[in-house]
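Have a look at the structure below, then the notes.
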Amino acid sequence: MISMEKTYDPHAIEQRWYQTWEERGYFAPSRSGKAGYCIMIPPPNITGSLHMGHGFNNTIMDTLIRYHRMKGDKTLWQPGADHAGIATQMVVERQLEAEDKKRHDLGRDKFIERIWAWKKESGGHITRQLRRLGSSLDWQHERFTMDEGLSEAVKEVFIRLYEEGLIYRGKRLVNWDPKLHTAISDLEVLSEEEYGHMWHMRYPLTNGQGHLTVATTRPETMLGDCAVAVNPGDERYRHMIGERLELPLTGRRIPIIADAEHVDPAFGTGCVKITPAHDFNDYAVWQRHRDEKAISEQPNGGLINIFNRDAALLSATNQDYDLRTRNQASGGGEFAVLVEPAPGGKFPEEIIPEKYRGLDRYDARKQIVADLEEQDLLEKIDDHKLMVPRGDRSGAVIEPFLTDQWYVKIAPLAKPAIEAVESGRIRFVPDWCISRQIWWGHRIPAWYDEQGNVYVGRSEAEVRSQHHLADDYPLRQDEDVLDTWFSSALWPFSTLGWPGQTEHLQDFYPTSVLVTGFDIIFFWVARMIMMGLKFLDDVPFKEVYVHGLVRDSHGDKMSKSKGNVLDPIDLIDGIELEKLIEKRTSGMMQPQLAKKIEKLTRKEFPDGIPSFGTDALRFTFAALAATGRDIKFDLGRIEGYRNFCNKLWNATRYVMMNVEGRDCGVGEAKTGHSEPAAELERSVADRWILSRLQKTKQAVAEAIEGYRFDHAAQAIYEFTWNEYCDWYLELSKPVLNGDNASEAAKRGARRTLVRVLENLLRLTHPIMPFITEEIWQRVAPIAGVTGNTIMTQPFPTQRKSLINEVAETEMAWVMQFILGIRKIKGEMNISPAKPVPVLLANVSDNDKALVERHRRFLDFLARTESIEVLAPNDQGPESSTALVGEMKVLIPLADLIDKEAEIKRLEKEIGRLQGDADRTDKKLGNPKFVDKAPEAVVRKERDKLVETLKALESLQTQLVKIQNL
RNA sequence: AGGCGCGUAGCUCAGUUGGUUAGAGCGCUACCUUGACAUGGUAGAGGUCGUUGGUUCGACUCCAAUCGCGCCUACCA
């Protein structure tokens, strides 16, 4: 047997054990298990690296998985990653940028090759980090959303939805990211309040009767106005409805229209300029009024697009012109654009005065404001707070933009999902825009011919054969790819082999639980439910465990720009201060923050971060995982749990020291537990700790089943530290080392020591896999348990026969005795090591028997010099007093005890008891209480009062005695 | 604006269906290198449970109002 170091060192064991587990295939689902238990990992982005949220999330999942695996369930934890379309493309584009290249220089195929190469090289980063957390994921079945199998599932879903008319292509306003040149969904847009201005602009009436003033936050969009709307009930403007205005700077004439729905007379001037191609609300107004002659006679029916894909004003000289014509010919293509001119109409850019063509939107704004000012058409500029929508990836201000995109109809899909969740009201989000103008992702399985007809199919060949198209008939595949979330929504079944009818699908769908944070995930969950119900007729998971966010110790969200990010790996391995600073300040978007971050970091971690090990980190996450609450991650907490690991380690050292090579009364090893091989005697301590263990097992199992990982962690912590170590190990010492203890008693103690420890390790393994495995390997053989790994040992179950209330009561007496003496010593400043003579007064027969039986425990733990039972009426000499029930434990004053101190001590105790007695007395004196409260409660109060009064009397006589000294 | 959550010891958090003196860890104070562990041991100080009102014999717990903080959703040109 290798000797154990005095201090637990996680590094020596963690990676070694993980490798062993993985190599031996322990993570795979058992062949034989009973019930199926399955969790899908929320697939992390391949571009990602592990953050605290992952740490927390995976700790919870792994705890559940290990628990169920030990319970004998057929358990699968499905690993994998998300291809993260936009994020990944951006990473590789940035690399190209460093080489002074653009993705168009490479072309689509080469660019995608390059992404795959990047994935091969760097995509494993996060999965390596997941391994460091001890996550027992079934790596043999790792999946990637761009895998062949998953791509099949994506295509299959797309086609089936298309065939049912649930996927369609349409021209709509979308959220356009002018930097990434793609549409994004509502969920990828983050609106934040920013300070801006409100421009009040005058639009002159064409009849020369003055003007209307419109207020806007975006003056440059006026070039695309098709009307000004007022509320029909607004007295100020009612008479003007139908009149025309001259749209400044353009020479165009636009109507005044009435729209009650959109226009709030109380806001701004009560007049709203309508720019249908660049504002979602205006678009809705336009749809309501498009058939009115005054609108429809506007250029392009009033739907006037003024921007190109960079959100600069259109210009015939820029590339969009060519792109657009090409797109019209191909019926789709790389950039599905804009508004085609109405027959005989103008191209959009021709509507824009030449002066502004080609200007960026913000340059155009400046110019237009200046020009309006010059013509005295600018009434005023107010400061104004507004919500500015930005792309969550690029940070660019999103432009509502008119394009052709693919959509999924949400309402018919959501309906069964809602019924399933019974969540009642969910807002029907506008249909889900699923096409993205990027290259990395699942390409849309649609082909166009030169007439613009659309063919959807699994492949070009399939399309040709299905529609009887000749081989040389020109077809061109849609250039767009699907939103990454489209494939994520299929994750719970695409990973299991769908559309094939696989064994995995049989065993593990629907999965058991989805573990996820609040984040954006609501929509992901909703989409998984919709897709699951649609294609498998069943929900994708039976339960959803939603946990909070991991924040820093002050409750702030961790973010790179705040410089308060903690890396779970740094907590595991530790990191030096300088390295931590370097890490926190490198690659910053705003380098000017670096100084502040450095200062903050130096203050908070003057010595860097020490190494805590994975188990301590996991235990911390578990202990902080209260439901519905964010986690404030406090280093003090993880330090405490590192110490806990050390405590467990050293308890083991003690046990090993005492049991190794000795007779532990363990017979032939069987599965589960072994029977005693030789005669053995169990002390009250043995019976007590075994009883406590049974209750702890139950508490831990119930806590895990109820997702109360904090309760599970606390139960384990308390049992280990406060019961097993503080009391039981100490109580075992006089037995194991005592000359007068029988061999049978020693055997009993050894057996209990080692077997309780072995149980405790299995109990703790789901939360702390590494240390428990390491220790278990040493302890199990001695405890009479065989097996290659703790991972597949049965989770401990309560043995009712070992619950022993008598032993617990008896131990409570022993503990009270010992605590009483320690308290006197502590408060009287007597060294705990100093043996004291003890006298007992008011002793019952039961007390006498207990003293006799547990004498060696009392002597050892209370350090008594002698224990003498006084005659029934003998109150003994002047002493310091503690009560054990009605028995008085006396330590004679002699030279040991300070009289004044003892008086103070007694007075304090009497005061406390008196308050207690008064309170209870008052309660019992209230007839309403006695009448109305349940019998049991009243009796309890009565008993309590009697007890308190007895104790009070006892201490009072003691006080008088000492005062009279 | 709507919805949800949270305010308990200096700090981070528990507190099951209302019923003894509201608990733990860290921190703090005093003492102790006792043969598993100083990443330790023993003893101790510290809370009118955000505020106000109500229900009740009894409220940290239930109800209402209010203050403070956070999140989600939506959004007015």
Side-chain angles (χ1 to χ4, degrees), chain A residues 4 6-8 186 191 198 214-218 221 228-229 262-264 266-275 279-282 285 384 386-387 427 518-520 522 548-549 551 553-555 557 610 612 616 623-624 626 628-637 639-658 706 708 710-711 714 717-718 721-722 725-726 729-730 733 737 819 822-833 860 863 912-913 915-916 919-920 923 926-934 936-938 940-941 943-945 947-948:
Chain A
M4 293 174 75
K6 194 169 162 184
T7 305
Y8 172 60
D186 291 350
S191 287
M198 177 88 88
V214 298
T216 181
T217 54
R218 300 208 50 199
T221 62
V228 167
H262 180 47
V263 184
D264 174 4
F267 186 89
T269 61
C271 305
V272 186
K273 63 192 271 305
I274 303 300
T275 321
D279 183 284
F280 289 100
N281 285 309
D282 292 2
V285 173
H384 183 70
L386 72 163
M387 297 296 277
R427 203 175 50 87
F518 275 100
D519 316 46
I520 37 168
F522 172 75
L549 223 60
R551 300 168 172 279
S553 59
H554 309 289
K557 211 166 168 171
F612 296 112
L624 293 175
R629 193 168 190 146
D630 284 351
I631 286 190
K632 285 187 204 170
F633 198 89
D634 182 25
L635 274 201
R637 212 63 198 250
E639 193 185 337
Y641 295 128
R642 178 203 57 187
N643 296 353
F644 177 64
C645 291
N646 195 51
K647 190 77 179 171
L648 185 60
W649 182 257
N650 275 289
T652 307
R653 284 182 69 217
Y654 170 80
V655 173
M656 294 300 290
M657 215 174 269
N658 283 288
R708 289 306 302 261
D710 55 333
H711 288 173
Q714 205 191 344
Y717 186 95
E718 258 177 32
W721 204 308
N722 303 337
C725 291
D726 284 351
L729 293 194
E730 293 306 316
K733 286 173 184 175
N737 303 325
L819 288 172
R822 280 181 184 167
K823 201 168 165 174
I824 292 170
K825 283 185 174 177
E827 288 174 20
M828 292 290 127
N829 261 329
I830 301 169
S831 161
F860 183 75
R863 309 279 147 165
R912 198 178 61 84
L913 287 172
D916 225 13
R919 217 170 303 126
T920 317
K923 220 178 204 179
N926 181 352
K928 286 181 184 168
F929 171 71
V930 181
D931 288 351
K932 297 195 176 177
V937 174
V938 176
K940 212 167 162 189
E941 290 294 317
D943 292 351
K944 188 182 121 191
L945 183 61
E947 238 172 80
T948 311

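All values reported here derive from a predicted model rather than from experimental measurement. Chain naming here is simple, since letters A, B, ... match the order of the sequence lines and numbering starts at 1 in each.
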On the six-membered ring of A/Phe644, is A/Arg642 placed so that its NZ or CZ lies under 6.0 angstrom from the centre and within 45° of the ring axis? no
Axial cation check for A/Tyr654 ring with A/Lys733, 6.0 Å and 45° limits: yes
Rounded to the Å, how far apart are [X] [atom1] and [N] [atom2]?
X        : N     : atom1 : atom2 : answer
A/Phe280 : B/A74 : CZ    : P     : 12 Å
A/Lys932 : B/G18 : NZ    : P     : 17 Å
A/Arg218 : B/C76 : CZ    : C1'   : 15 Å
A/Arg551 : B/C69 : CZ    : P     : 15 Å
A/Leu624 : B/C6  : CG    : P     : 17 Å
A/Leu635 : B/C13 : CG    : P     : 14 Å
A/Asn281 : B/C76 : CG    : P     : 5 Å

Choose from B/C75, B/G19, B/G15 the nucleotide whose nearest atom is closest to any side-chain atom of A/His711. B/G15
B/U20 OP1/OP2 closer than 4.0 Å to side-chain N/O of A/Arg912: no
Is any side-chain nitrogen or oxygen of A/Lys944 closer than 4.0 Å to OP1 or OP2 of B/U21? yes
Ring center gap for A/Tyr641 and A/Phe612 short of 6.0 angstrom: no
Would you call A/Asp943 and A/Lys940 a salt bridge, using N to O less than 4.0 angstrom? no
Rounding to an integer number of angstrom, what distance separates [N] and [M] when you compare their [atom1] atoms?
N     : M     : atom1 : answer
B/G15 : B/C4  : C1'   : 22 Å
B/G41 : B/U33 : P     : 16 Å
B/G53 : B/G46 : C1'   : 30 Å
B/A45 : B/A30 : C1'   : 10 Å
B/G58 : B/C69 : P     : 35 Å
B/U29 : B/A65 : C1'   : 43 Å
B/G19 : B/A9  : C1'   : 24 Å
B/U12 : B/C28 : C1'   : 16 Å

Closest non-hydrogen atom pair, A/Ala215 against A/Thr269: N-OG1, 4.0 Å
Tell me the closest heavy-atom pair linking A/Leu648 and A/Thr652, and the distance in Å. O-OG1, 2.8 Å
State whether the side chain of A/Asn650 and the backbone N or O of A/Thr7 hold a donor-acceptor pair below 3.5 Å, judged by distance alone. no
Provide the Watson-Crick or G-U wobble partner of [N], both distances under 3.5 Å; none if there is no partner.
N     : answer
B/U33 : none
B/C76 : none
B/C62 : B/G54
B/A24 : B/U12
B/C6  : B/G68

From A/Arg912 CZ over to A/Thr948 OG1, what is the distance, rounded to the nearest 0.5 angstrom? 9.0 Å
With the side chain counted from C-beta on, respond yes when A/Thr221 and A/Lys273 share a heavy-atom pair under 4.5 Å apart, and no when they do not. yes
Let me spell it out: for each of A/Lys928 and A/Lys940, pick the nucleotide of RNA chain B with the closest heavy atom. Which residue's pick is nearer the 5' end? A/Lys940
Residue met sooner reading RNA chain B from 5', once A/Lys923 and A/Asn926 are mapped to nucleotides: A/Lys923
If you look at every strand shown and take non-hydrogen atoms under 4.0 Å, does [X] touch a base, only sugar-phosphate, or nothing?
X        : answer
A/Arg919 : sugar-phosphate
A/Pro927 : nothing
A/Lys632 : sugar-phosphate
A/Asp264 : base

For each nucleotide in nucleotides 23-42 of chain B, reading 5' to 3', give B when a protein heavy atom comes within less than 4.0 Å of its base, S when such contact involves only the sugar-phosphate, and - otherwise. --S----------BBSBSSS
